[in-house]
Amino acid sequence: MTMKVTGIQVFWIIMCMDLGMTLVMTLSPSLEAAKQDAWLSIIVAGLIALLVALLATRAAHLYPGQTLIEYSETILGAWLGKAVVITYLVQWYTIIPIVLSQFTDLVQIMLLQGTPREAVALLMVLLIVYATYAGGIEGIGRCSEFLGPVILIMISFVLIASLNHIHWKNIMPVYADSGMAGIWGGTLAPASYLGHSVEYLMFAFFINQPRKGAPFAFGAVITAVLFVLMTTVMTIMTSGVNLSSKAWYPFFEMTKRISLFGFIDNLDAIPVVIWIASVFVKLAIYLFITSYGTAQFLKVSNWRTMVWFIAPVIFVFSLFPQNVTEATAHYLLNYWVPVALPVNMIGLPLLLLIVGKIKQGKQAAPAQLE
Amino acid sequence: MMTKALKLCKSLILLVILGLTTSCWDRKEMDDLAMVMASGLDMTDDGQLEVTLQIALPTGIPSAVQAGGKKPSSVMVISAKGKNASEATSRLQQQLSRMIYFGQRGVIVVGEQYARHGLDRVLDTFTRLPESRYNSYFVTAYGTTAKEILNASYQLELIPSIGLNKILASNVSFPVKIDEFLNTLSMQGKSPITPAVRIVHKGSSKETFMVDRAAAYRANKLAGFMTPEELRLLRWWTGESKRMRFSVQAEPADEQFAGIIGAELLNSSSKIHISMKNGLPEVSISLLASTRSIDNDSRIDLSKISNMDYVEALMSKQVQADFEKMLSHTQKELKSDILGIGEEVHIEHPYAWKKIKKDWFDIYPSVPVTVKAHIKIERTGKTKAPAHLKTSG
């Protein structure tokens with residue numbers, strides 16, 4: 001049985017993965033490093049994310065009939081190929097529990113202080129297991145096709161409703177306070193979150209017209225970056241950098257500030273919708289590619305059986321981080337930014353692309369001689 | 001066989017999801033909550049923090065049918081002391097059968113004594129508590145304690161703090177919300193300011209509160225209060241000048257006319273410009289406004305251009321002088337940068353600011369400021385000279 005997703009579904013999948021988490025998780029480190037110039041950081045981060053998307057789509061299109069697990073061996077040979085695959089599996093296996101515990105942290109901090117973490121995490125695990133097991137990537141694609149526009153509408157609403165709180169001077173002075181170093185420091189966290197389009201390496205295989213997926217991936221990254229950029233500017237102008245850089249979730253704080261016509265306020269529910277929808281899509285996609293990838297890697301014929309092993313593991317691991325700092329800050333600053341961003345998102349796709357091109361060139365050359 | 005097990009499994013998952021999504025651990029029933037409408041903070045003489053809460057009593061709020069009968073009190077005001085906010089709040093909680101809930105708090109009052117001592121121990125809780133809102137107004141009590149303010153009666157609203165909230169929300173005063181206050185407090189080049197509330201007609205049946213002053217802070221300490229006249233100029237400065245009126249003595253008074261012309265602001269704006277001299281800022285401020293004259297108790301005929309120019313110049317001069325007076329009060333006496341001149345230096349001359357920002361509070365009182373006011377009369381109302389003016393002779 002083959003699962004297929006359409007180009008527009010790829011657009012929504014990548015957009016959901018990029019947008020929601022970046023908005024909620026990376027604004028705070030970015031504002032802390034770059035202060036009122038965080039929006040410049042987002043622009044730089046957006047360029048990095050586009051580079052990641054470029055490398056991922058180019059590399060994935062070398063062998064459109066294969067998944068990452070297969071073509072990395074085709075390109076780099078059995079051993080090196082396996083090493084590359086393991087690097088990615090490490091990324092996938094660690095990101096799922098972290099995202100899950102970030103999700104439970106936020107729910108606990110902002111909404112349900114009395115609810116045990118296990119209950120919140122279990123609910124999400126059951127949901128993604130159901131989506132992955134029953135729907136596969138096709139089901140997830142359809143879900144994101146529906147949830148993606150909802151996310152965009154909600155964010156637009158928050159941005160428009162915050163317009164009456166704007167203080168232009170909050171964004172001044174531009175550049176002088178943070179300088180190059182500050183802006184670069186604020187770039188890495190959002191860049192590493194916007195770089196999730198690297199997962200295109202894995203699911204390019206499932207696109208019904210594999211070679212036509214690239215524009216959708218680029219469109220998704222650009223849309224996500226634009227929305228993150230607008231939200232960052234609005235957060236700075238409505239909340240000011242001093243307060244928002246000290247909050248865990250500046251985007252939530254901005255929506256708490258909304259007050260329209262004196263009677264529409266307390267709109268905390270909106271970012272929760274954005275957050276849960278994007279976490280759901282992201283986790284479901286990761287669960288799918290992890291299950292599928294592991295199954296292919298271990299030569300298990302039915303990838304669905306892997307879900308039953310992976311789900312309990314990620315659930316247990318998600319309970320390990322003891323507090324919000326461990327899950328949100330440590331993983332981001334010790335693995336995701338220094339390792340995943342340069343190696344998994346830029347280095348390895350580049351390696352696959354270069355070696356793959358050379359290999360294809362060599363194969364094509366004798367053919368031309370005949 | 002397989003399908004049966006799978007079906008069982010699926011329905012189990014569904015049941016678990018259904019059970020979990022209700023999230024019963026965090027249920028908050030309306031009749032288990034004590035809705036805090038306003039909270040007050042004071043410092044006792046022995047240095048403890050006293051927290052006062054005004055809590056809405058649902059049973060005290062009469063329905064339409066009951067209205068008019070004997071009124072039960074619609075709020076309950078309780079206070080407790082402690083060494084910080086959470087200690088005092090937990091003492092309050094011990095007196096209450098319902099859980100204290102800050103989600104609806106509209107006003108936060110600080111007593112004058114506590115403000116002068118310096119606002120510490122509590123500020124963090126306003127942003128840290130998840131249910132705490134940024135939409136609460138922040139006011140300083142003038143010449144009294146927060147406890148007195150929250151105990152004061154107010155007749156127009158069932159819940160007094162809602163009355164205070166509405167006064168603050170209307171544009172006749174100077175609204176400052178808690179997040180603005182904290183944001184300003186975290187800036188190096190700006191001092192926080194809040195409206196100041198006081199009780200008038202104390203002890204009589206006409207007892208009510210009034211917001212006609214502003215409290216200027218230096219860092220987290222109250223530096224002093226601004227007079228009602230200064231408050232009006234501050235509103236002009238922040239652009240909240242709607243319906244603001246002022247009058248000018250245009251002629252010496254005689255037996256028929258007092259010689260005063262009054263005007264109401266239609267549009268106003270203010271500009272600030274900083275130039276650096278020897279690494280130190282020089283400030284020029286300009287105030288622009290168009291007005292309409294609303295009363296003319298003088299012999300001046302406002303339809304004549306020359307008279308108009310004369311009155312405009314007179315008004316400009318007066319506003320200029322008033323603003324300068326306010327500035328010297330805040331700058332020299334209170335030493336509180338409520339206009340945010342430092343922040344303006346930060347924006348216009350960011351690199352020079354880096355050098356002086358550490359010492360800004362020492363530099364600020366001696367920064368030269370020039371003020372220019374430019375006021376235009378745009379409309380004169382339906383009459384030219386006063387209609388009852390006797391024609392000469």
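Each chain gets a letter, A, B and so on, in the order the sequences are listed, and its residues count up from 1. Source: prediction; values computed, not measured.
Annotation: the span from A/Y130 atom OH to B/L14 atom CG amounts to 7.0 Å, rounded to 0.5 Å. Here the OH atom belonging to A/Y133 is positioned 9.0 Å from the SG atom belonging to B/C9, to the nearest 0.5 angstrom. From A/S239, atom OG reaches atom CG of B/N183 across 8.5 Å, with rounding to the nearest 0.5 Å.
Around CZ of A/F317, the count of heavy atoms belonging to other residues, nucleotides or ligands within 6.0 Å does not exceed 12. Within a 6.0 Å radius of CZ in A/F146, other residues, nucleotides and ligands contribute 12 heavy atoms or fewer. Within 6.0 Å of the CZ atom in A/R142, the count of heavy atoms belonging to other residues, nucleotides or ligands does not exceed 12. Within a 6.0 Å radius of OH in B/Y101, more than 12 heavy atoms belonging to other residues, nucleotides or ligands are found.
For chain A, the nearby part of B/E344 is the side chain; its heavy atoms alone come within less than 4.5 Å.
The heavy-atom pair separating B/S186 from A/N242 by the smallest distance is OG-CB, 2.8 Å.
Among B/H346, B/K177, B/K354, B/H349, the residue making the largest number of heavy-atom pairs under 4.5 Å with chain A is B/H346. For the options A/K246, A/E253, A/H167, A/Q36, heavy-atom pairs under 4.5 Å to chain B are most numerous at A/E253.
B/Y217 pairs by the ring pair (Phe, Tyr, Trp, His ring centres under 6.0 Å) definition with B/F181, not counting sequence neighbours.
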